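As structure tokens, the structure follows; a few thoughts come after it.
Predicted model, so just to flag it, every value in this text is computed and none were measured. Numbers here simply count residues along the sequence, with the first being 1.
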Amino acid sequence: MTNRQALKVNEQQQTDNSAKRSMIYWRYIIIAGICMGLYNLTFFAGIKATGIAIGTATTIGSAPIWAGLMQALLFKKSPSLLWWLGTVCATAGGTWMVLSQSSSWQINTGGLLICLSAGFCYALYTLMSKKLVSIDSPLTITKHTFSIAIFIAVLIAGVLAGTPTVSWISIAVIFYLGLLTTGVAYLLYTQALKHISAPTGVALGLIEPIVAFFLAIVVAHENVNMLAVIGLCLILAGLWLVLKSEGQQTA
């Protein structure tokens with residue numbers, strides 16, 4: 001084989017690898033975008049059906065379990081026993097904290113299924129994002145993923161709710177929620193997935209009830225039920241076990 005022929009073969013292999021890489025990238029992006037779009041819709045629908053306490057506890061609590069199960073089934077890499085122990089502990093603590101703060105709540109089977117679906121979507125989004133960070137930058141991944149998610153959310157919202165009433169206040173709120181609390185937050189989240197496993201990333205989302213606990217005291221000046229402190233301690237203990245497990249796997 002001449003040098004020219006070898007060069008052509010090498011160029012063809014590079015083109016084929018690039019095309020395959022692009023196909024894999026967009027496959028993961030589409031799945032991640034659909035999951036994120038459906039996650040937001042199912043989360044709010046679930047909260048509406050079950051109430052904030054039950055809906056939040058079910059969604060946030062189920063997401064790490066879904067992530068661990070899917071990683072084991074789809075990628076044949078089950079998290080360690082220590083990770084499972086920490087996740088169950090943190091999930092139980094988060095559930096206890098949320099429910100102990102609620103004066104009343106109701107059980108709605110359909111709503112619970114919707115919240116479990118939201119947790120599933122969030123977990124699958126994270127698993128796809130973990131795969132994507134080895135292909136492209138977190139900024140590009142977030143941009144493409146949320147472009148698809150926005151299209152899905154706007155389309156479904158338009159069908160269900162009709163044409164929205166637009167005001168400067170609503171536009172400001174949309175920009176704040178879209179750019180800061182969603183865009184920047186998930187950009188940082190995707191960046192973090194370069195260094196931790198997907199199930200651990202989802203499990204660390206259980207920090208949210210802890211932040212809400214302190215904000216309720218400091219910002220909203222709410223009377224916090226001291227029973228929630230038990231849940232707080234369980235979350236901290238569980239997350240410590242999760243991080244310890246993550247450290248053992250990366251060591």
Short side-chain to backbone donor-acceptor contact, S245 and L82, under 3.5 Å: no

Approximate separation, where rounding is to 0.5 Å, of I47 CD1 and T56 OG1: 4.0 Å

M128 and C35, any side-chain heavy atoms less than 4.5 Å apart: no

Non-hydrogen atoms of A63 and A123 that approach each other most closely: O-CB, 3.5 Å

Euclidean distance, C89 SG relative to W84 CH2, rounded to 0.5 Å: 14.5 Å

Check: A198 main-chain N/O paired with K130 side-chain donor or acceptor under 3.5 Å: no

Ring center gap for Y125 and Y39 short of 6.0 angstrom: no

Enclosure of L81 CG (heavy-atom neighbours >12, cutoff 6.0 Å): no

Minimum side-chain heavy-atom gap I65-F120 below 4.5 Å: no

Steps toward side chain to side chain contact (heavy atoms under 4.5 Å, CB included) verdict (W83, L241): CA-CA 6 Å; W83 182 92; L241 292 174; over 6 Å; no

Pairwise side-chain contact, I171 with W168, heavy-atom cut-off 4.5 Å (strictly under): yes

Shared hydrophobic cluster, V133 / I31 (ILVMFWY, side-chain heavy atoms < 4.5 Å): yes

Closest heavy-atom pair and its distance - T50, L112: CG2-N, 3.6 Å

From CD1 (I29) to CG (D136), nearest 0.5 Å: 8.0 Å

S62 versus L116, closest heavy-atom pair with distance: CB-CD2, 3.6 Å

Check against side chain to side chain contact (heavy atoms under 4.5 Å, CB included), T87 and V242: CA-CA 7 Å; T87 298; V242 168; 3.7 Å; yes

Interatomic distance, I135 atom CD1 to S22 atom OG [nearest 0.5 angstrom]: 9.5 Å

Which atom of V202 lies closest to which atom of P64, heavy atoms considered: CG1-N, 3.4 Å

Atom pair CD1 (I210) and CG (L232), whose distance is rounded to the nearest 0.5 Å: 5.5 Å

Single-linkage hydrophobic cluster I114~I34, side-chain heavy atoms < 4.5 angstrom: no

Side-chain touch L193/T126, heavy atoms, less than 4.5 angstrom: yes

Side-chain touch Y122/T59, heavy atoms, less than 4.5 angstrom: no

Interatomic spacing from CD1 in I235 to OG1 in T91 - rounded to 0.5 Å: 9.0 Å

Donor-acceptor contact present, side-chain K194 to main-chain S137, <3.5 Å: no

Note, C115 side chain near T42 side chain (heavy atom, < 4.5 Å): no

Aromatic F75 / basic K131 pairing, under 6.0 angstrom, 45° off normal: yes

L74 with I24, same ILVMFWY side-chain cluster at under 4.5 Å: yes

Close side-chain approach of Y189 to T142, heavy-atom, < 4.5 Å: no

For S197, all residues meeting side-chain hydrogen bond (donor to acceptor under 3.5 Å, both in side chains), sequence neighbours excluded: T200, E246

Closest approach of A90 to L206 (non-hydrogen atoms, all atoms of both residues): CB-CD1, 3.5 Å

P138 backbone acceptor or donor facing Q191 side chain under 3.5 Å: no

Shortest non-hydrogen separation from L124 to M70 and the atoms involved: N-CE, 3.4 Å

Common cluster, Y25/Y28, ILVMFWY with side-chain heavy-atom separation under 4.5 Å: yes

Exercise: do S129 and T190 side chains pair donor with acceptor under 3.5 Å: no

Same apolar cluster: I156 and I30, side chain cutoff 4.5 Å: yes

I60 and T95, any side-chain heavy atoms less than 4.5 Å apart: no

Whether Y186 and F146 hold their rings parallel, tilted or perpendicular, with breakpoints at 30° and 60°: tilted

